[in-house]
Amino acid sequence: MNSAKKYLLLIFLFRFFLPGIIAQSKEDSIYSKENYLKNRFKMIQLNTQDAYKYFKEGAEYFIKKGDTVNYLRCTINLSDIEMRRGQFTIAFDLLFDVLPISNQILNKKPSIEIHSILGILYGIYGKDSIALQHTIMAHNLSVHNIKTTLKSNDSLISSYLDVAVRYIEMKSYKKALPYLDSCYIINTSQKRLHFVDAHYGFIYTKQGNYPKAKEYFTNLVPFFEKQKLGFQSSTYYFLAELKSALDQGDSAIYYYEKSINSIDSFQSNLKLKPIILEKLANAYLKKNNSKGAFLRLQESKRISDNLYNTQSKQNQVLFEIKNKYKEDLVKKEEQIIAQEKLIESNDKAKFRLKLLVGILILLVVIGFVTFRLIFRMKRMSQEQNQENEKNEAILEVKNKELTTNALQLIEKEHLVKELLESLKINDPENFKVLNRKYKHSNKKIWNDFHLRFSQTNTTFYKKLHKLNPELTTTDLKHCALIKLNFDSKEMSHLLGISLNSVHVARSRIRKKLDLRRDESLSNHLSKL
């Protein structure tokens, strides 16, 4: 019985939980990072119904997973699909809902895509300046993103193409061409850029360079048909324009019809349909097919009214909000003007009086502050001068003490040397012992002198090192004694070297300090 119960329990668990586990596993597989990135572009170009379902489910999946970036990109793709369906109000709403979130995250790709689609949407309503601003903003973000992430140039190529398309729709073909050129300049793969070539062909058609347009259109249609991409509707339209310009009426009608069929098949690029229908009507008129022309014009007007008319169901909400906003602005402006007139008539005199009093108070305050600043600066200058004079006087006294001390040492040195010379002759044994002690004592005396000099003249050695870092310890000793106005003979006694060695040392120091012949070493050192 126990085995039977366990068996039934397992069947129960598999029956109720396994389908959910399998479904979750399948969902994870579909929307894994690799598969999502791989399928995203392909899905954008497919039938809008299938693409909408894919991105709608994707947005729900990623929001559960806490993946903000891919949630934003799914929502942006939903907006793109709504735009291609002609649901411009919904497209706007979706973008403005996620724009604040995209501004708060480090990854700028969602922001790039949002501004890119906003550029297209504003362009549809003829707001060319705002449309261009959003497209340029998307482009600048793309350039910065590539510089900081050092990733593939594919997104940057797309960004240059978006700016080119914006200028094409504004009929600024000369401005569009450099951006198309940039797509190929940064194309490191050396592969053909079919989307770019299609727009090259369209521009050269409009500029009347038909041979060049033909070159760019070569083999474009087979590529887009094979890939089953929604952009083929635009390609057919571009080709129809070339055929029409070349007076090839039948071919033009053929490609216009193909473009319309492609729009209907993919349910995308709906904003292009009324334009193509109008072009097709003109082509039928040239063929004396008045009925065909009338039907196409009638359909073009119907679609155009549905898409752009302020009374259409799709865009009624958008324009009602705009109109209400405008009415509120007008009312507020009228209230502000009325209040300003009332204030102007009642308070003009008071305002002038207040202004005059304010100016007088301001002038008094400025005068008082200026006087205080001048007085304080003058007092600080006097105190600084007094302090400098005091420091110079103290330094001079200390240097005189050092000089006197050094001179006394020289005299003692002279007497000690005489005594040692006498001992050298009369008592050689004691001479050796005392001579060693004398040398050790002489070194200690110099070190004491050097320490006292450094304490008194704190910046002297720093300034010397700044002039020439290669000055040796011996050079610094000579410089210190020269600053204290010792002559060569006194320096010879104090340092225990010959007079000639002192002269050689002075000459060496002059060279290291780059002094000219007419410049005095003593004067130069006394200024430090």
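- A donor atom on one side chain and an acceptor atom on the other are not found under 3.5 Å apart for Asn77 and Asp80.
- You'll find the side chain of Arg510 stays beyond 4.5 Å of the side chain of His524, heavy atoms only.
- When each of Phe238, Tyr184, Tyr200 is tested with Tyr216 by the rule ring-ring contact (aromatic ring centres under 6.0 Å, His included), just one qualifies, namely Tyr200.
- Counting only N and O atoms by type, the side chains of Asp128 and Tyr167 include no donor and acceptor under 3.5 Å apart.
- Between Leu277 and Lys301 there is no side-chain heavy-atom pair separated by less than 4.5 Å.
- With a 4.5 Å cut-off on side-chain heavy atoms, Thr75 and Asp97 do not count as touching.
- When all heavy atoms of Gly119 and Ala131 are compared, the closest pair comes out as O-CB, 3.1 Å.
- Environment of NZ in Lys108: crowded, with over 12 heavy atoms of neighbouring residues, nucleotides or ligands closer than 6.0 Å.
- Ring centroid separation for the pair Phe62 and Tyr71 does not come in under the 6.0 Å cut-off.
- With hydrogens and angles ignored, the 3.5 Å screen pairs no side-chain donor or acceptor of Ser116 with any backbone N or O of Ile112.
- Residues satisfying the salt bridge (charged side-chain N to carboxylate O under 4.0 Å, His left out) test with Asp197, not counting sequence neighbours, are Arg192.
- Between Asp250 and Lys243 there is no salt bridge, since no side-chain nitrogen of the basic residue lies less than 4.0 Å from a carboxylate oxygen of the acidic one.
- Annotation: side chain of Thr135 is not in contact with side chain of Ile120 (no heavy-atom distance under 4.5 Å).
- Residues Leu297 and Ala281 share a closest heavy-atom pair of CG-CB, 3.5 Å.
- Contacts of Glu60 classified as salt bridge (charged side-chain N to carboxylate O under 4.0 Å, His left out), with partners at least two apart in sequence or in another chain: none.
- With values rounded to the nearest 0.5 angstrom, Arg296 atom CZ is found 8.0 Å from Asn289 atom CG.
- Within the 4.5 Å cutoff, the side chain of Glu113 has no heavy atoms near those of the Leu95 side chain.
- Taking the six-membered ring for Trp, Phe231 and His199 have ring centres closer than 6.0 Å.
- Aromatic ring centres of Phe217 and Tyr255 lie farther apart than the 6.0 Å criterion allows.
- Taking CG of Leu72 as the start and CG of Leu94 as the end, the distance is 12.0 Å to the nearest 0.5 Å.
- No side-chain heavy atom of Glu82 sits under 4.5 Å from any side-chain heavy atom of Asp93.
- To the nearest 0.5 Å, atom CG of residue Asp67 and atom CG of residue Asn70 are 4.0 Å apart.
- Evaluation of the salt bridge (charged side-chain N to carboxylate O under 4.0 Å, His left out) rule for Asp514 yields no partner, not counting sequence neighbours.
- Nearest heavy atom pair, residue Ser102 against residue Ile114, reads OG-CD1, 3.6 Å.
- Side-chain contact between Lys273 and Asp264 is present, with heavy atoms from C-beta onward closer than 4.5 Å.
- Side-chain contact check for Asn261 and Ser259: no donor-acceptor pair (N or O, by modelled atom type) lies under 3.5 Å.
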For a quick test of your reading: what N or O donor-acceptor pairs under 3.5 Å do the side chains of residues 359-378 make, sequence neighbours left out?
{"residue": "Thr370", "atom": "OG1", "partner": "Ile366", "partner atom": "O", "Å": "2.6"}

Stepwise ring-ring contact (aromatic ring centres under 6.0 Å, His included) test for Phe92 and Tyr122
CA-CA 9 Å; Phe92 267 116; Tyr122 278 111; 5.2 Å; yes
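- Ring pair His115/His134 is parallel by interplanar angle, where below 30° counts as parallel and above 60° as perpendicular.
- Tyr236 and Glu225 form a side-chain donor-acceptor contact under 3.5 Å, judged by distance and modelled atom types alone.
- Below 30°, between 30° and 60°, or above 60°: for Tyr237 and Tyr256 the angle between ring planes is between 30° and 60°, a tilted geometry.
- Distance check: Ser79 OG to Phe55 CZ gives 12.0 Å after rounding to the nearest 0.5 Å.
- A pairwise comparison of heavy atoms in Ala176 and Ala164 identifies CB-O, 3.5 Å as the closest pair.
- Not counting sequence neighbours, the partners of Asn209 by the side-chain contact (heavy atoms from CB on, under 4.5 Å) test are Tyr204, Pro211, Lys212.
- Between Leu161 and Ser158 the shortest side-chain heavy-atom distance does not fall below 4.5 Å.
- Atom CD1 of Ile253 is separated from atom OG of Ser244 by 9.5 Å, given to the nearest 0.5 angstrom.
- Ion pair Asp162/Arg166 not flagged as a salt bridge, since none of the NZ, NE, NH1 or NH2 atoms sits closer than 4.0 Å to an Asp/Glu carboxylate oxygen.
- Counting heavy-atom neighbours within 6.0 Å of Lys512 NZ, excluding the residue itself, gives a total above 12.
- For Arg516, the side-chain contact (heavy atoms from CB on, under 4.5 Å) test picks out Asp518, Glu519, with sequence neighbours left out.
- Around atom CZ of Phe96, more than 12 heavy atoms belonging to other residues, nucleotides or ligands sit under 6.0 Å away.
- Thr68 pairs in a side-chain contact (heavy atoms from CB on, under 4.5 Å) with only one of the listed residues (Ile63, Ile105, Val98), which is Ile105.
- Between the OH atom in Tyr210 and the OG1 atom in Thr205 there is a gap of 7.5 Å [rounded to 0.5 Å].
- Checking side-chain atoms of Thr218 against main-chain N and O of Lys214 turns up a donor-acceptor pair under 3.5 Å.
- For Glu278, the CD atom sits in a loose shell: 12 or fewer heavy atoms of surrounding residues, nucleotides or ligands are nearer than 6.0 Å.
- Taking the six-membered ring for Trp and thresholds of 30 and 60 degrees, Phe223 and His194 have nearly parallel ring planes, at less than 30 degrees apart.
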